[in-house]
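One is the number of the first residue; the rest follow in order along the sequence.
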Amino acid sequence: MTKIYWLSLLAFLLIGASVQGQSNLNFGRTVRQQADELPHSKAGKIITERKAYQAVSGQLQKDEEGNFLLSGGWEMIEGYKLAGKGISLWDTRTNADEWYNAVVPGTVLTTLVEQSVYPDPYYGLNNLLIPDTLCRMDWWYRISFEIPQTMKDTDYQILLNGINYKADIWLNGIRLGTMNGAFKRGLYTVAGLLDKQGMNTLAVHIFPPNNPGIPFEENKEWFGGNGGALCLDGPTFISSEGWDWIPGIRDRNIGIWQDVRLVPVGDVLMEDPQVITDLPLPDTTYADIKIKTRLVNTTPETQTVSVNGKIGDISFSQEVILKPSEQKNISFTPEQFGQLRIHNPALWWPNGYGAQALYKLSLTVTQEDQVKQKKEIRFGIRELSYELMAQTAEKENIRFQYSPTDVEEGRSLFDYKKRVPVESPAFSSIIIPSLTDGAIQYLRKETTQPENPFLTICVNGKRIFCRGGNWGMDDGMKRVTRERLEPYFRLHKEANFTMVRNWTGESTEELFYTLCDEYGLLVWNDFSISTQGYNLEPLDDELFLANARDIVLRFRNHPSIAIWCPRNEGYAPEILEDGFQKIISAVDGTRHYHGNSRDLNLCSSGPWHYIDNQLEYLTGKADGFSTELGAPSVPTVETLRKFIPEEDLWPIGDVWYYHDLHYESFDWKNYIRDVEKLGQAPSRNADEFCSRAQFINYNLYRNMFEAWNQKMWNYASGLLLWMSHPAWPSMIWQTYSYDYETHGSFYGAKKACEPIHVQWNSVNKKLQVVNTTLENIPDAKVFFRVYDLKGKQLYEKKISVELEANKLTDCMEIALPPEIRDVSLVRTQLSDRRGKIVSENDYWINPSEPTDFSVLQEGGKSELRIKWNTPKKKDNKILIRAEIKNNSQKIATGIKVNVRDKESGKSLLPVYVSDGYFNLLPDEHKQVSIEIPENLAGKEYYVSADEWIR
């Protein structure tokens, strides 16, 4: 008794010391805001009526591995109701109407909104109508199901792919175990517990986080501190307490947020196979495939099994004998199985560098000629390598290249606890790590730019110019179906992005990586700790590392993951740092683990606000690899009307502020000032304001990427926007809006990130061509022309260029002639040897007053004519070629193309249009390609073209 007492006291003191050490960090609010501090709406409150309960039986859907997805028939109830009313958890027939029909996968709030208990929190200020008690209660889920007749003699496991935050798992009245943390699977053997002749009930008791915190509700004065006490409970969705891009989510995303499966198994279990692809770089004419897995004998008897693999037409097999209760690691290597050396493989490449070839490995465990377990693993043949700088034990800073697949298994090369600043005035704020003992043998010294401290990521031996953005969270309510998420990834591909960052790991689920694989998006993957020196550190290191290990085990076969990173903007606490190093070197071994998301071999993150003279600032700042750079991004008014009531639409007010227009922060006042300078008078309504904002948005987002473009491989190797993807209806940090609309920010980013791109920098006067493809372009021509507002050509320069693959080409420096003093259009073009325009890029300039373009509003809109060909149907999608012509005698500016519903006139979304916010000279025409996805193919529609001028 005494020993237990002292151990408990010691644990209490250790936790207390940990919390005390964090006392100067952000714990968030300790009291709720008063009514006069909260935002208010002019619209009336939305009254909802809960849907009536409907009895639905549980359904089992078979997947390609032979597992059964438990879908349909899920129910949910508050824990206090189950206890207070004496409702039996196991009696599914009485008091059924006290239960909600539940959405699984989904969160508690997903169910409550779908059941109309609460209104849509994304609309207006509805989120304030939902009680913050949802995250301070326990909840029960249950589903009843029967075993399929054909599977009566099989043993099973129950697999839960993700709950939040903690759960007890019960089957037919027997407690199977506990899950904890948002990113760890729960796998439970249920031999002898299933009723194979009758009904079974699986129940999941969900518990909330220990420290849900109190959200700050955004208002005109402040957006609140980012996060708070919830960070103590990592691993979880820490931003759901509220951040500067999302309000507090009332349930903190607790619930069964990933799917649940019934898994048939035999006496020997196969765990988490890994596929490793190794190329003899720079040679890519063959690839060696290595497959590893663990086998577990669950019986007290010796078992003999056959493990069989198949990749396309390639087959391989080995017999394995396991002693009673033995666990054994087995592997298939090219040395054992020559067919695993694949000649002329189809490689997986990032978007714009090549195709995203994907292979499938089928791996089975058979016993007595019966398949007992099956795993289907999709993988890509590719090899990651990295260029960076570190310090040797002899205190020499060296730049090198290395490939993790060449490193001895279990070895860590970098010591992020020992780090030093680069001794160079050019890179005074950059930190580099120290090398561990013996690391030098795995490094190839880099002879080009040996003084360059910045990280460069390579795929298949080729440098990848990483451009893309951060995903703070896929969806604020964790609605993460393929139908909902896939268009966002498609838009990233359409924007010519090559990378996304899974910020603090809040989008860590199978589908996220699957879609990145399919669309060629490299992933910078954080674990779920936020800013060092500001946010709180997680309290339970053991829990955190258990979740991190399962993340690596579970997702390591995805070719898209390029970087593991411990947290946002900081180094991991020492215990976690040691744990991450061991996990990634031993469990993965194919990717680089980078100890910090800024400063360490990277340039500092930010800024995140609107900047006067942005291009001038960024031209000087652009260096290295930046994981965060952002700006405001107001969507179209059509999007605004979907989440702001008409009564609150104008003037800008509380509902705008609540949706992340931080009026007193991030220099929003200057953004609004410059939006208004685009007109002859202040905006009269939201239509005018949002339309003008697209002119600003386009330039902001193009400028950010073009600033990095102008130094590609000249110490610049990557830029990730803060942010590319919105988690809810927002006004800031997004390249498209939550409804899939592509406003000015999208097309500005898309233009700058063209794989072959011509650009002119008005600050340093450089005319350049960026070629990020792996093909040379000989005999190209670059044109630089200036036009007045009526389309009259005022100036022209042209030059012939040879464009090398994956390289920036400086063409010439061009300063505007002094006689050009008025608002004018600069048009840069690149044509290939056949005269075909490969890239066209327009800049509006005003030499006299650089931010005043109000003259563009004079005279009203141009006369546009639009026509399109007979739509073609391909793979259940509709493909259209539309031609837009300017029939007026002035330049048509900022032309946006939409596909609209014929009856309502509203935009159909998602729809993919090849160009937007472009300009047309008098009598000029342009063709754009349009794709209407399958789910919209049956609607009647028309194509519209509108200018940004109102």
Looking at [Y] and [X], is there a salt bridge between them, counting it only when a charged N and a carboxylate O are closer than 4.0 Å?
| X | Y | answer |
| --- | --- | --- |
| Lys582 | Asp578 | no |
| Glu537 | Arg567 | yes |
| Asp475 | Arg484 | yes |
| Arg482 | Glu518 | yes |
| Arg294 | Asp272 | no |
| Glu326 | Lys323 | no |
| Glu387 | Arg444 | no |
| Lys478 | Glu506 | no |

Would a distance-only check, ignoring hydrogens and angles, find a side-chain to backbone donor-acceptor pair under 3.5 Å from [X] to [Y]?
| X | Y | result |
| --- | --- | --- |
| Lys184 | Gly186 | no |
| Glu146 | Ser144 | no |
| Thr107 | Ile254 | no |
| Thr498 | Pro350 | no |
| Ser597 | Asp526 | no |
| Tyr353 | Val459 | no |
| His558 | Gly380 | no |
| Arg554 | Asn161 | yes |
| Arg591 | Arg556 | yes |
| Tyr165 | Asp233 | yes |

Tell me the closest heavy-atom pair linking [X] and [Y], and the distance in Å.
| X | Y | value |
| --- | --- | --- |
| Ile147 | Leu262 | CD1-CD2, 3.7 Å |
| Thr236 | Ala182 | CA-CB, 3.9 Å |
| Val365 | Val268 | CG1-O, 4.3 Å |
| Val260 | Ile256 | CG2-CG2, 3.7 Å |
| Ile143 | Phe145 | O-CD2, 4.0 Å |
| Ser239 | Met473 | OG-CE, 3.1 Å |

query = Are His592 and Tyr402 close enough that their ring centers fall under 6.0 Å?
reply =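 Yes, the ring of His592 comes within the 6.0 Å limit of the ring of Tyr402, centre to centre.
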message = Taking the ring of Phe183 and the ring of Phe237, is the distance between their centroids below 6.0 Å?
response =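 Between Phe237 and Phe183, the centre distance is under 6.0 Å.
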request  = Any chance you could lay out the side chain to side chain donor-acceptor pair (under 3.5 Å) test for Ser434 and Asp415, step after step, and finish with the verdict?
outcome  = CA-CA 5 Å; Ser434 296; Asp415 188 344; over 6 Å; no
Can a donor-acceptor pair be found between the side chains of [X] and [Y] at a distance below 3.5 Å?
| X | Y | answer |
| --- | --- | --- |
| Asn172 | Asn200 | yes |
| Arg501 | Asn470 | yes |
| Ser385 | Gln401 | no |
| Thr299 | Glu301 | no |
| Thr333 | Ser331 | no |
| Asp288 | Thr277 | no |
| Ser528 | Thr504 | no |
| Glu376 | Ser362 | yes |
| Ser317 | Ser306 | yes |
| Thr298 | Asp267 | no |

ask   = Looking at residues at least two apart in the chain, or sitting in another chain, which of them share a ring-ring contact (aromatic ring centres under 6.0 Å, His included) with Trp503?
value =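 If we apply the ring-ring contact (aromatic ring centres under 6.0 Å, His included) test to Trp503, skipping adjacent residues, the hits are Trp243, Trp245, Trp722.
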message = Going by the rule ring-ring contact (aromatic ring centres under 6.0 Å, His included), which residues pair with Phe489 if we only count those two or more places apart in sequence or in a different chain?
response =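 Phe489 satisfies ring-ring contact (aromatic ring centres under 6.0 Å, His included) with Trp471, Phe512 once adjacent residues are dropped.
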query = Does the pair Asp517 and Ser560 meet the rule for a side chain to side chain donor-acceptor pair (under 3.5 Å), with working shown?
reply = CA-CA 5 Å; Asp517 293 344; Ser560 54; 2.7 Å; yes
ask   = What's the verdict on side chain to side chain donor-acceptor pair (under 3.5 Å) for Asp168 and Trp170, showing C-alpha distance, side-chain angles and the deciding distance?
value = CA-CA 7 Å; Asp168 283 343; Trp170 296 74; 4.6 Å; no
inquiry  = If the test is side-chain contact (heavy atoms from CB on, under 4.5 Å), which one of Thr293, Ile330, Val265 qualifies with Met270?
reply    =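 The side-chain contact (heavy atoms from CB on, under 4.5 Å) with Met270 is passed solely by Thr293 among Thr293, Ile330, Val265.
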task = Check each of Asp259, Asn502, Val480 against Glu509 using the side-chain contact (heavy atoms from CB on, under 4.5 Å) test, and report the only one that passes.
result =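 Considering Asp259, Asn502, Val480, a side-chain contact (heavy atoms from CB on, under 4.5 Å) with Glu509 is found only for Val480.
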task = Among residues two or more places apart or on two chains, list those pairs meeting ring-ring contact (aromatic ring centres under 6.0 Å, His included) that have a residue in residues 288-322.
result =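 Sorted result for residues 288-322: Phe316-Phe332.
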query = Would Gln303 and Gln367 count as a side chain to side chain donor-acceptor pair (under 3.5 Å) if you check the C-alpha gap in whole Å, the side-chain angles of each, and the deciding distance to 0.1 Å?
reply = CA-CA 9 Å; Gln303 299 289 339; Gln367 203 166 17; 2.6 Å; yes
inquiry  = What's the separation between atom CD1 in Ile238 and atom CG in Leu232, rounded to the nearest 0.5 Å?
reply    =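 Interatomic distance, Ile238 CD1 to Leu232 CG, rounded to 0.5 Å: 10.5 Å.
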ask   = Rounded to the nearest 0.5 Å, how far apart are CD of Gln61 and CD of Gln59?
value =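 One gets 6.0 Å once the value is rounded to the nearest 0.5 Å.
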message = Given Phe527, which partner from the list Phe544, Tyr593, Trp564 fulfils the ring pair (Phe, Tyr, Trp, His ring centres under 6.0 Å) test?
response =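 Testing each of Phe544, Tyr593, Trp564 against Phe527, the sole residue satisfying ring pair (Phe, Tyr, Trp, His ring centres under 6.0 Å) is Trp564.
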message = Can you confirm whether more than 12 heavy atoms, excluding those of Lys292, are under 6.0 Å from its NZ atom?
response =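 Counting other residues, nucleotides and ligands, NZ of Lys292 exceeds 12 neighbours.
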inquiry  = Please enumerate all residues that pass side-chain contact (heavy atoms from CB on, under 4.5 Å) together with Glu574, with sequence neighbours excluded.
reply    =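 Lys417.
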ask   = Can you name the side-chain contact (heavy atoms from CB on, under 4.5 Å) partners of Ala586, sequence neighbours left out?
value =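 Partners of Ala586 under the side-chain contact (heavy atoms from CB on, under 4.5 Å) test: none.
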inquiry  = I'd like to know whether Tyr416 forms a ring-ring contact (aromatic ring centres under 6.0 Å, His included) with Tyr571, so could you lay out the CA-CA distance, the side-chain angles of the two residues, the decisive distance to 0.1 Å, and finally the verdict.
reply    = CA-CA 8 Å; Tyr416 295 119; Tyr571 300 94; 7.4 Å; no
ask   = Tell me the side chain to side chain donor-acceptor pair (under 3.5 Å) pairs involving residues 541-550, sequence neighbours left out?
value =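 Checked against side chain to side chain donor-acceptor pair (under 3.5 Å) - neighbours excluded - the pairs reaching residues 541-550 are Arg185-Asp550.
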ask   = Going through the distances and angles, do Asp278 and Lys290 end up as a salt bridge (Lys or Arg N to Asp or Glu O under 4.0 Å)?
value = CA-CA 8 Å; Asp278 193 7; Lys290 182 178 181 180; over 6 Å; no
